[in-house]
Amino acid sequence: MTLQDTVRETVREEVAGVTALGKQAVESGAYLYPVKGIFYFASHRNLWGPLTSRLAPLLGLSTGVIASMFMFTYVPQSILLTFVNGPVAWISTIALVLSESAVIITALSRSFLIDEALIDIFDAVLLQENLPMLVQNGRELNPSDNVLGRLGKAVKKPFSKFTIKSLVSYLVWLPLNFIPVVGTAIFIFVQGRKLGPTYHARYFQLKNYNAGQRSTFVEQNKPAYISFGTVAMLLQLVPIVSIMFAYTNTVGAALWAVDIEKGHRPAEGKHIGGVVASDVAEKKEL
């Protein structure tokens with residue numbers, strides 16, 4: 001077999017692998033949870049507190065970052081992308097600027113404004129769906145008729161904050177946008193693959209999973225996390241309201257966790273440490 005034949009065969013195998021993974025991601029149905037999160041959040045006013053109390057500064061942050069990025073980075077990046085993307089460069093440039101803006105907004109908001117709020121939202125959905133014993137693994141619960149009022153002091157480390165490692169990873173994949181249209185799609189897909197498991201970070205904490213158990217669970221449910229993360233990523237690219245989708249995506253992730261716990265949504269990786277996830281919840285509630 002010649003070198004050219006080897007390259008062709010390798011490319012063919014890689015394409016087949018990605019195609020199969022994409023098919024599994026769609027079949028998992030996890031891409032629906034970010035959408036479910038939007039409707040669930042909209043129909044449960046008792047969950048709005050953590051968002052509405054921070055709405056003004058979040059909208060100001062989003063507007064300021066996006067406006068600044070388009071003002072100072074759109075033209076130079078558009079000129080650069082024109083050399084490789086031709087007349088469709090403006091599409092790739094808009095997607096690139098929005099993606100860059102989303103990273104900056106997420107980094108700033110998670111560091112200063114919403115990290116604790118996302119934990120509250122996630123735990124509140126679990127309480128709303130009658131999983132108090134799971135929530136008690138990560139925080140104290142108060143006697144209250146209001147779901148947010150029941151949230152006491154968190155006793156577990158919060159979601160992982162934005163790190164230098166995640167920024168470097170983002171920059172490494174950024175050149176994909178120089179490939180017309182397809183490159184931008186792959187870039188979003190790759191970022192979505194990385195983003196998906198982060199939305200279940202709180203779930204893993206509440207389940208007391210160690211690093212190895214988390215990795216096993218994520219790996220065995222990779223198509224589902226890719227599916228969820230890609231849709232979540234696309235929603236967070238929407239200008240101005242991207243932060244709101246960070247909340248609704250968190251609600252969707254919590255609903256997914258609820259379905260896993262109650263056995264409505266089987267997970268390939270739920271047999272961790274020889275115990276089924278839903279069985280743990282049931283035993284604790286007895």
Subject >> salt bridge (Lys or Arg N to Asp or Glu O under 4.0 Å) partners of Arg54, counting only residues at least two apart >> reply: none
Original post:
Hey, are the side chains of Leu58 and Leu51 touching, using non-hydrogen atoms and a 4.5 Å cut-off?
Top reply: yes
**OP:** For residues Pro50 and Leu47, report the shortest heavy-atom separation together with the two atoms involved.
**Re:** CD-O, 3.4 Å
Subject >> Side-chain touch Lys36/Val251, heavy atoms, less than 4.5 angstrom >> reply: no
Subject >> Euclidean distance, Gln205 CD relative to Asn137 CG, rounded to 0.5 Å >> reply: 11.0 Å
**OP:** Using modelled atom types only, decide if a donor and an acceptor are shared between the side chain of Gln236 and the backbone of Met233 within a distance under 3.5 Å.
**Re:** no
Original post:
Can you check whether Tyr31's main-chain N or O pairs, donor with acceptor, with Ser227's side chain at less than 3.5 Å?
Top reply: yes
Original post:
Quick one: does Phe245's side chain get under 4.5 Å of Ile38's, heavy atoms only?
Top reply: yes
**OP:** Locate the shortest heavy-atom distance separating Ser62 from Ile243; write the atom from each residue and the value.
**Re:** OG-CG1, 3.5 Å
Subject >> Heavy-atom closest contact (Leu131 atom, Glu261 atom, distance) >> reply: CD1-CB, 3.9 Å
Subject >> Nearest non-hydrogen partners of Leu118 and Ala246, listed with the distance >> reply: CD2-O, 3.8 Å
Subject >> With Asn46 via side-chain hydrogen bond (donor to acceptor under 3.5 Å, both in side chains) - residues at least two apart >> reply: Gln128
Original post:
Considering residues at least two apart in sequence or located in another chain, which fulfil the side-chain hydrogen bond (donor to acceptor under 3.5 Å, both in side chains) criterion with Tyr40?
Top reply: Glu129
Original post:
For Glu140, what residues pass the salt bridge (Lys or Arg N to Asp or Glu O under 4.0 Å) criterion, not counting sequence neighbours?
Top reply: none
Original post:
If we only count heavy atoms from C-beta on, is the Gln220 to Thr216 side-chain gap below 4.5 Å?
Top reply: yes
Original post:
Listed by chain and number, what are the side-chain hydrogen bond (donor to acceptor under 3.5 Å, both in side chains) partners of Tyr247, not counting sequence neighbours?
Top reply: none
Original post:
Which atom names give the shortest non-hydrogen contact between Leu148 and Ala124, and what distance separates them?
Top reply: CD2-CB, 3.8 Å
**OP:** Could you check Leu98 against Ile94 for side chain to side chain contact (heavy atoms under 4.5 Å, CB included), going step by step and ending with a plain yes or no?
**Re:** CA-CA 6 Å; Leu98 289 176; Ile94 290 175; 3.9 Å; yes
Original post:
Between the main-chain N or O of Ser215 and the side-chain N or O of Glu219, is there a donor-acceptor pair closer than 3.5 Å?
Top reply: no
Original post:
Taking atom OG1 of Thr230 and atom CG of Leu235, what is their separation to the nearest 0.5 Å?
Top reply: 11.0 Å
**OP:** Applying side-chain contact (heavy atoms from CB on, under 4.5 Å), name anything that partners Leu141, two or more places apart in sequence or on another chain.
**Re:** Leu127, Pro132, Val135, Gln136, Arg139, Arg150
Original post:
Are any side-chain N or O atoms of Thr63 and backbone N or O atoms of Gly60, one a donor and one an acceptor, separated by less than 3.5 Å?
Top reply: no
Original post:
Cationic tip of Lys222 within the cone over Tyr225's six-membered ring, i.e. under 6.0 Å and within 45° of the normal?
Top reply: no
**OP:** Report yes or no: does Trp90 contribute a side-chain atom to a donor-acceptor pair with the main-chain N or O of Thr82 at less than 3.5 Å?
**Re:** no
Original post:
Is the shortest heavy-atom distance from the side chain of Tyr33 to the side chain of Val231 under 4.5 Å?
Top reply: no
Original post:
Any link between Ile91 and Phe70 through a network of hydrophobic side chains (Ile, Leu, Val, Met, Phe, Trp, Tyr) touching at under 4.5 Å?
Top reply: yes
**OP:** Could you give me the CA-CA distance, side-chain angles and deciding distance for Phe217 and His200, then say whether ring pair (Phe, Tyr, Trp, His ring centres under 6.0 Å) is met?
**Re:** CA-CA 11 Å; Phe217 190 93; His200 265 174; 7.2 Å; no
Subject >> In one Ile/Leu/Val/Met/Phe/Trp/Tyr side-chain cluster, 4.5 Å: Leu61, Val241 >> reply: yes
Original post:
Just by modelled atom types, is the Val75 backbone N or O under 3.5 Å from a matching donor or acceptor in the Ser78 side chain?
Top reply: no
Original post:
Do Asn249 and Leu195 have side-chain heavy atoms sitting under 4.5 Å apart?
Top reply: no
Subject >> Shortest non-hydrogen separation from Gly252 to Phe228 and the atoms involved >> reply: C-CE1, 4.0 Å
